[in-house]
Amino acid sequence: MLFHPRPLSLQTLLKRGFTPTPKPINRFLLFLFHLHKFDLITHFFSQLKANNAPTNHKTLSLLTWALLKSHRFEEAEQFMYTHREITHSFMWDTLIQGICTKRHDPEKALTFLQRCVRDSGVLPSSLTFCAVVHGLSSKGLMGRAIEVLELMGDDGVNYPFDDFVCSSVISGFCRVGKPELGLGFFKNVTECGGLRPNVVTCTALVGALCKMGKVGEVCGLVQWMEREGLGLDVVLYSAWACGYVEERVLGEVFGRMREMVEKGIGHDFVSYTVLVDGFSKLGDVEKSFTFLAKMIKEGHRPNKVTYSAIMSAYCKKGKVEDAFGVFESMKDLGIELDEYVFVILIDGFGRRGDFDKVFGLFDEMEKSGISPSVVAYNAVMNGLCKHGRTSEADELSRNVAKDVITYSTLLHGYTEEENIPGILHTKRRLEEAGIAMDIVMCNVLIKALFMMGAFEDVYALYKGMAEMDLVPNSVTYCTMIDGYCKVGRIDGALEVFDEFRRTSISSHACYNSIINGLCKNGMAEMAIEALLELSHKGLELDIASTFPSFILKILIKEGRALDAYKLVTGTQDNLPVIYVDYAIVIDALCKGGYLNKALDLCAFVEEKGMSLNIVVYNSILNGLCHEGRLIEAFRLLDSLEKLNLVPSEITYATLIYALCREGFLLDAEHVFRKMVLKGFQPKVQVYNSLLDGISKFGQLEKAFELLNDMGTKYIEPDSLTVSAVINCYCQKGDMQGALEFYYKFKRKEISPDFFGFLYLIRGLCTKGRMEEARGVLREMLQSKHAVELINIVNKEVDTESISDFLATLCEQGRVHEAVTVLNEIARMLFPVQSIVPSSCTSGLNFGSCDDKDVRNITTNNDGHMRRSQLHGFDFYYSRIAALCAKGELQKANQSAKEMLSDLTECMN
DNA sequence: GTAGGGTTAG
């Protein structure tokens, strides 16, 4: 070695007779330069200076390059300034690009660039400008990036915007959430400069379109690329697929990826991560794991992004433990952790309220050398706010980084807690911090002001948005409409709604809000108008499916089943009518007696490829039975099998009730046997129905067979059972038998119902067994159930109740008259079907098989039908029944009072 | 040039 590489050797060299002329010095420096010993050069240079050794331009130039190469940019710049004579513009290029890309300080690079152009009159290369644009855009510093672009456009510079610039700027605008500006920039460039974008710029454009929710427009761009012979690549396809992930159209995500592979373009780790993320976002974590496995199998190593997609999916499903498991695995696999990974978990545990875990993770993150950004703090604060601990979040926010989201979070927390002082001081802090309001903050503030009842302020804020450069979005409109509706200010809501519909925003939620508000405020007609408008707009969005239910329920409640029918059959295919909506309309049509319409609707629904379930068909079956269309009911039962529907207990029970009611006992028994064969155990109500049918024919033997059957199956008879059998005896004229049966069950503490008593008393009277009739009447008047029923008639009418009146008649031995009164009561309380059809069926749930519902059907339908056939009706009953049905109980009572006074008059 | 985290309505 000729040269000892120790810096102190200069002294030695000089002592040894080294001639200090620039030439050997430069040779020596150049030698060091080739060895990349840049630090030695600078050190050696300082020694040369100290020893007044001679240097020339080349020496200085070498020193400058050494400073640049060792990234000592500030010193280099200083030196270049003081030694302009040796400064070549390449040096400026290296300096600025170095600061930008090596130091990652594009802002400083811009400062140097500006100084260079304006002060030194040096023009760096276009590549340098591009590098600064790229550096600034990558950091989202778009304001500064624009400064560079302006500089490039200056006279005397006039550098063109190439693909590198365009792609950087477009993606930069996307990064700061302003994709439309990126697109605008691109349009300007192509219109002015005639740039023909390459695949990289096109990919940036795809990203912008996707972020603007215009994934559909990508097709056109891709077609253009294909016409131009530009090859697509995996990056472009990944960007495109991401757009569909955003829109939650997984089919298209798949479609694009398949298309890519078919074109011979292979996946990479990003494209696989897009798929993993896509499934994770849809909540199908299992499928995500399939792709994870596939990508590993193909040799693409999943990274922290891939795993964080999975963790995020677990957290969103509430499976934070599973997310934590992924986190632990990542550590085992030696995969680098970053703030994203921690924030996902901090957010997950925070939403659950597990703050030990939250703070534990926070510590672990800091110990791992990751310094928390505002995002991490916001996640912690949001957790606290969501668990009623907004004040603690507020405390925490005092000493850490804050942004507009911090304040939105706190404000929202205080709003939820209805903490008005909290809202006010947060609002003040936001203003003092000088943070510009964004649209989310504005929406949160609107909600807060509504909560405070500050409607004037709400209006002022809403109207003042334009001045703040804020454009209301669907959430704004929704919040406003909902806020006004909730306090009954429909006018305000309608004003906002009108403004909303003048925008191009397509939001079913806004329609939802106004329709809901209109319905709640009794403005059904206008609500229907809004619904139809939505329908006619042909919203291409995937609309939440419960939408028209409001209207349908209103119409049905108002008894307008036919209007509901028109609505579900007459509107366009894209109206989000769902299965449940059809089902409730069919049910309403059945209950309203529009059986044919109900059947039409069934056919309509089936034509659409939907299949109705047995609950709906039970409703139809019940309707057919009530119209006496038993043949059709039977046909329907048969065709259920063809529709792959299994008849339920309710199906059989409904048919049995109807058959018994109509007197088709043999058919009823047939269905009964079938029901048992199918494995159903008929309940007491079904037995009662059969017994009731049997009783009309006085078939005592059959009645006893059924009673025995009940006994062997441990089915307890009830008051209706007893009444039916008593009626059966009465029909046969066997009053002795009836009486004995009555006492037998009385000992078992099972008494007949009102009608059982009435049959018995009436039968005994007919036979002249007045004392026994009187005894039973006395017992009837001691039966709580019977007395309650009797007294419905004259509640609040007279000081003396009807039961007391009957008791008086009974004690006076006026049993015939008492029976007349009882007959009238019976006719009044159970008027014929035609008057109150809905009282028979409304409120029934044919889908449920529990005891309660079966009982309802029996007591309402069967009991009612049986009695109404026994009696006729007249003016009073129909009037009273109609009033009862309308819920006008006082008027009904008045009529009852009139009727009773007439009756009493007759008897006296 | 492409992928993952924190705030708003219903």
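All chains are named by letter (A, B, ...) in the order of the sequence lines, taking the proteins before the strands, and each is independently numbered beginning at 1.
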- Look at the side chain of A/Asn512 and the backbone N and O of A/Ile515, then say whether any donor-acceptor pair between them is shorter than 3.5 Å. no
- A/Cys478 side chain: which of B/dT7, B/dG1, B/dA9 is closest? B/dA9
- Message: For the CD1 atom of A/Ile335 and the CZ atom of A/Arg301, what is their distance to the nearest 0.5 Å?
- Response: 5.0 Å
- Query: Does the pair A/Lys263/A/Glu226 count as a salt bridge with the N-to-O cut at 4.0 Å?
  - Reply: yes
- Query: Which nucleotide in the set B/dA3, B/dG5, B/dT2 lies at the smallest distance from any side-chain heavy atom of A/Cys242?
  - Reply: B/dA3
- Item | Candidate nucleotides B/dG4, B/dG10, B/dT8, ranked by approach to the side chain of A/Asp277 - the nearest | B/dG4
- Task: Would you mind reading off the distance between A/Glu339 atom CD and B/dG5 atom P, rounded to a whole angstrom?
- Result: 13 Å
- Of all the choices, B/dT7, B/dG10, B/dG1, which nucleotide is nearest to the side chain of A/His508 once you look at every atom? B/dG10
- Relative to each other, are the rings of A/Tyr237 and A/Trp240 parallel, tilted or perpendicular (30° and 60° limits)? parallel
- Aromatic A/Phe324 / basic A/Lys357 pairing, under 6.0 angstrom, 45° off normal: yes
- Query: Is a donor-acceptor contact shorter than 3.5 angstrom present between the side chain of A/Ser408 and the base of B/dT7?
  - Reply: yes
- Message: What is the separation between atom CG on A/Leu205 and atom P on B/dT2, rounded to the nearest whole Å?
- Response: 11 Å
- Item | Nucleotide B/dA9, atom P - distance to CD1 of A/Ile439 in whole Å | 13 Å
- Query: Does a distance-only test, which skips hydrogens and angles, find a donor-acceptor pair under 3.5 Å between the side chain of A/Ser308 and the base of B/dG4?
  - Reply: yes
- Query: Do the side-chain N or O atoms of A/Lys486 get closer than 4.0 angstrom to the phosphate oxygens (OP1, OP2) of B/dG10?
  - Reply: yes
- Message: What I want to check is whether the side chains of A/Ser271 and A/Ser238 have a donor and an acceptor closer together than 3.5 Å.
- Response: no
- Rounded to whole angstrom units, what separation is found between the OH atom of A/Tyr272 and the C1' atom of B/dT2? 16 Å
- Task: Would you indicate which nucleotide in B/dT2, B/dG5, B/dA9 comes nearest to any side-chain atom of A/Ala509?
- Result: B/dA9
- Task: Please check the phosphate of B/dT7 (OP1 and OP2 only) for any side-chain N or O of A/His412 closer than 4.0 Å.
- Result: no
- Message: Does A/Val199 reach a base, just sugar-phosphate, or nothing at all? Heavy atoms under 4.0 Å.
- Response: base
- Message: Please determine whether any donor N or O and acceptor N or O are separated by less than 3.5 Å between the side chain of A/Asp338 and the base of B/dG4.
- Response: yes
- Base, sugar-phosphate, or nothing: which does A/Lys211 touch, judged by heavy atoms less than 4.0 Å apart? sugar-phosphate
- To the nearest angstrom, how far is A/Ile335 atom CD1 from B/dA3 atom P? 20 Å
- Message: Within the 4.0 Å heavy-atom criterion, would you say A/Val444 contacts the bases, only the backbone, or no part of the nucleic acid?
- Response: sugar-phosphate
- Separation of A/Leu292 atom CG from B/dA3 atom C1', in whole Å? 14 Å
- Query: Just checking A/Val341: base, sugar-phosphate only, or nothing, at a heavy-atom cut-off of under 4.0 Å?
  - Reply: base
- Query: Any donor and acceptor pair, going by atom type alone, linking the side chain of A/Lys139 with main-chain N or O of A/His104 inside 3.5 Å?
  - Reply: yes
- Message: Starting the side chain at C-beta, find the nucleotide from B/dG10, B/dA3, B/dG1 nearest to A/Val200.
- Response: B/dG1
- Message: Counting the atoms with a prime plus P, OP1 and OP2 as sugar-phosphate, which does A/His134 contact under 4.0 Å by heavy atoms, base, sugar-phosphate, or nothing?
- Response: sugar-phosphate
- Report which part of the nucleic acid A/Asp233 touches: base, sugar-phosphate, or nothing (heavy-atom distance under 4.0 Å, all strands). base
- Query: OP1, OP2 of B/dT7 versus side-chain N and O of A/Asn382: anything below 4.0 Å?
  - Reply: yes
- Check if the side chain of A/Asn512 and the base of B/dA9 share a donor-acceptor pair of N or O atoms closer than 3.5 Å. no
- Query: Atom CD1 of A/Ile346 and atom P of B/dG5: how far apart are they, to the nearest Å?
  - Reply: 15 Å
- Query: Can you name the one residue among A/Lys386, A/Lys447, A/Arg389 that meets salt bridge (Lys or Arg N to Asp or Glu O under 4.0 Å) with A/Glu416?
  - Reply: A/Lys447
- Query: Checking all strands, does A/Val206 fall into the base, sugar-phosphate, or nothing category for heavy-atom contacts under 4.0 angstrom?
  - Reply: nothing
- Note on the structure: Testing B/dG4, B/dG10, B/dT7 for proximity to the side chain of A/Lys304, the answer is B/dG4
- Side-chain contact check for A/Thr273: nearest option of B/dG5, B/dG1, B/dA3 is B/dA3
- Message: Please classify the nucleic acid contact of A/Phe269 as base, sugar-phosphate, or nothing, using heavy-atom distances under 4.0 Å.
- Response: base
- Task: Check whether the side chain of A/Asp163 and the base of B/dG1 form a donor-acceptor pair under 3.5 Å.
- Result: no
- Task: Could you tell me the separation between the CD1 atom of A/Ile514 and the P atom of B/dG10, rounded to a whole number of Å?
- Result: 14 Å
- Query: Reckon A/Ala309 touches a base, only the sugar-phosphate, or nothing at all at heavy-atom distances under 4.0 Å?
  - Reply: nothing
- Just compare B/dG5, B/dT7, B/dG1 and give me whichever is closest to any side-chain atom of A/Lys386. B/dT7
